[in-house]
Amino acid sequence: MGVPRDASKDDIKKAYRKLSKELHPDKHKGDKDKEHKFKEVNEAYEILGDESKRKQYDTFGAAGVGSGGTAGGFGGFDFSGFQNAGGGLGDIFESFFGGTRGTSRGRRTERGRDMEVRIEIEFAEAVSGAKKKIKIEKFVACDSCDAKGYEKGSQMIDCTDCAGTGQQIRTAQSFFGTIQQSVLCSTCSGAGKKPEKACGSCRGEGRKRESETMTIEIPAGIHDGQTLRLAGKGEVGKQGAVSGDLYVQVAIQHDPRFERNGDDIKTITILPVVDAILGTQIEVTTVHGKISLKIPAGTQPNQIFRIKGKGMPVLGSSRHGDHYVEVRVEVPSKLSGKERKLVEEWKKINS
Ligand SMILES: [Zn+2]
Ligand SMILES: [Zn+2]
């Protein structure tokens, strides 16, 4: 039936309708095999029909979608199963898309895994940008063999278990009948090569698990929850293969003085009623320090003043957001005898 990998929503819908009609349990009462396939098709459609889930599948394989496999989550550093979907739901997709995933890929070297870390910074650091040191345990290049995986004077030779193809053929059952699937060779992880004489220090992997201290540069203007991608800073791949990426999710501590709205900042100033009436000069604390603001006579309660360009730095630019000052007018709950007299006098003038 062969729905291509980049199939449109309509193509998938058509294929699904056809299959679910054919396999519907009403037509095959008591046929356990057909019932199971019907379920599989529905499961596959649920993912394919949902754009976001499909994207997840395309990016991470079946492991990314949530049924089986660990798709990560912040806090830990182990994201095994991210790339190697293999089996389970993966097989259904192979059938859905027709053909096998492995064959088109051919020989490949195993790219290092992506990693995710979460760091917390102070509000002021989001304004100025910051350099943060983190310590992570990950695969780093083996220096005994220069990440090559073989001893000096040795070399890489064709893997004997897959005759250098990096692939092994597996026969699998799917709801379209028997299909031949080619899977990655488990001996060489698809590389097609293995060390003639493995490096004793890293047992031929070309990499070692170590804890590494890194300095992460946080750009000014970063937003709470934003993730930075540091290409090639994840785990080193096997035998010098490309490194994975490091994803850094940044959490920003709250500063009770400032309310952030995108790149803008809002603060609240409480103003005595006479100052609102007569006007005054006030001091405003912005993320860039204190500045003076003129409050004109006749300022209304909850009036908002904009101070241009005194908000947060705009990420990746030299511009800044604005600072807004909201004025709350305070009416005294008690008056002295003299004050009361004056206000009564004022009232008389107005009536
Ligand atoms: Zn080594
Ligand atoms: Zn092999």
Side-chain angles (χ1 to χ4, degrees), residues 5 60-63 68-70 77-91 93-95 97-115 134-174 178-214 230-246:
R5 196 148 246 270
F60 301 123
T70 47
F77 300 134
D78 186 35
F79 296 93
S80 49
F82 228 62
Q83 280 122 352
N84 304 323
L89 211 52
D91 289 342
F93 283 96
E94 306 301 15
S95 330
F97 288 120
T100 64
R101 270 192 302 167
T103 41
S104 57
R105 265 197 226 150
R107 233 189 232 178
R108 52 160 236 180
T109 47
E110 202 177 324
R111 180 180 178 273
R113 269 190 211 135
D114 292 337
M115 300 185 79
I134 57 161
K135 201 171 167 188
I136 50 175
E137 201 190 300
K138 64 172 188 177
F139 276 114
V140 297
C142 169
D143 42 19
S144 313
C145 62
D146 252 350
K148 291 190 172 80
Y150 50 85
E151 293 279 3
K152 284 204 171 71
S154 170
Q155 58 176 339
M156 294 299 279
I157 54 166
D158 275 355
C159 170
T160 43
D161 290 339
C162 61
T165 60
Q167 305 285 328
Q168 285 168 331
I169 302 297
R170 191 174 79 183
T171 305
Q173 294 298 322
S174 83
T178 307
I179 56 161
Q180 288 225 314
Q181 254 187 316
S182 93
V183 294
L184 289 185
C185 168
S186 53
T187 309
C188 62
S189 308
K193 301 258 180 204
K194 64 176 189 181
E196 187 186 37
K197 197 173 172 221
C199 164
S201 180
C202 62
R203 279 171 297 166
E205 282 225 13
R207 58 181 191 173
K208 285 194 272 196
R209 261 196 114 71
E210 247 169 44
S211 121
E212 191 182 85
T213 304
M214 305 176 62
L230 304 179
K233 298 290 185 195
E235 289 194 340
V236 166
K238 273 185 187 171
Q239 290 142 1
V242 181
S243 295
D245 301 331
L246 175 64

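Note that ligands are numbered from 1 as they come in the structure, with each ligand's atoms numbered from 1 the same way. Note that this is a predicted model, so its numbers are computed, not measured.
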Flag the pair Asp143 / Lys208 as yes when at least one side-chain heavy-atom distance between them is below 4.5 Å, and no otherwise.
-> yes
Keeping waters out of it, list the protein N, O or S atoms under 2.8 Å from the Zn ion (ligand 1).
-> Cys142 SG, Cys145 SG, Cys199 SG, Cys202 SG
Between Asp245 (side chain) and Gly234 (backbone), is there a donor-acceptor pair under 3.5 Å?
-> no
Donor-acceptor contact below 3.5 Å, side chain Gln239 vs main chain Gly204 | yes
Rounded to the nearest 0.5 angstrom, the OG-NZ distance for Ser144 and Lys152 is 8.0 Å
Are Gln167 and Ile169 side-chain neighbours, meaning at least one heavy-atom pair lies under 4.5 Å?
-> no
Would you say Gln168's side chain and Cys162's backbone share a donor-acceptor pair under 3.5 angstrom?
-> no
Are the side chains of Met214 and Leu246 in touch, meaning some heavy atoms are under 4.5 Å apart?
-> yes
Neighbouring protein N, O or S atoms of the Zn ion (ligand 2) [cut-off: under 2.8 Å, no waters] | Cys159 SG, Cys162 SG, Cys185 SG, Cys188 SG
Could you please spell out the steps behind the salt bridge (Lys or Arg N to Asp or Glu O under 4.0 Å) verdict for Lys193 and Asp158?
-> CA-CA 4 Å; Lys193 301 258 180 204; Asp158 275 355; 3.1 Å; yes
Do Glu235 and Arg209 come close enough that some side-chain heavy atom pair is under 4.5 Å?
-> yes
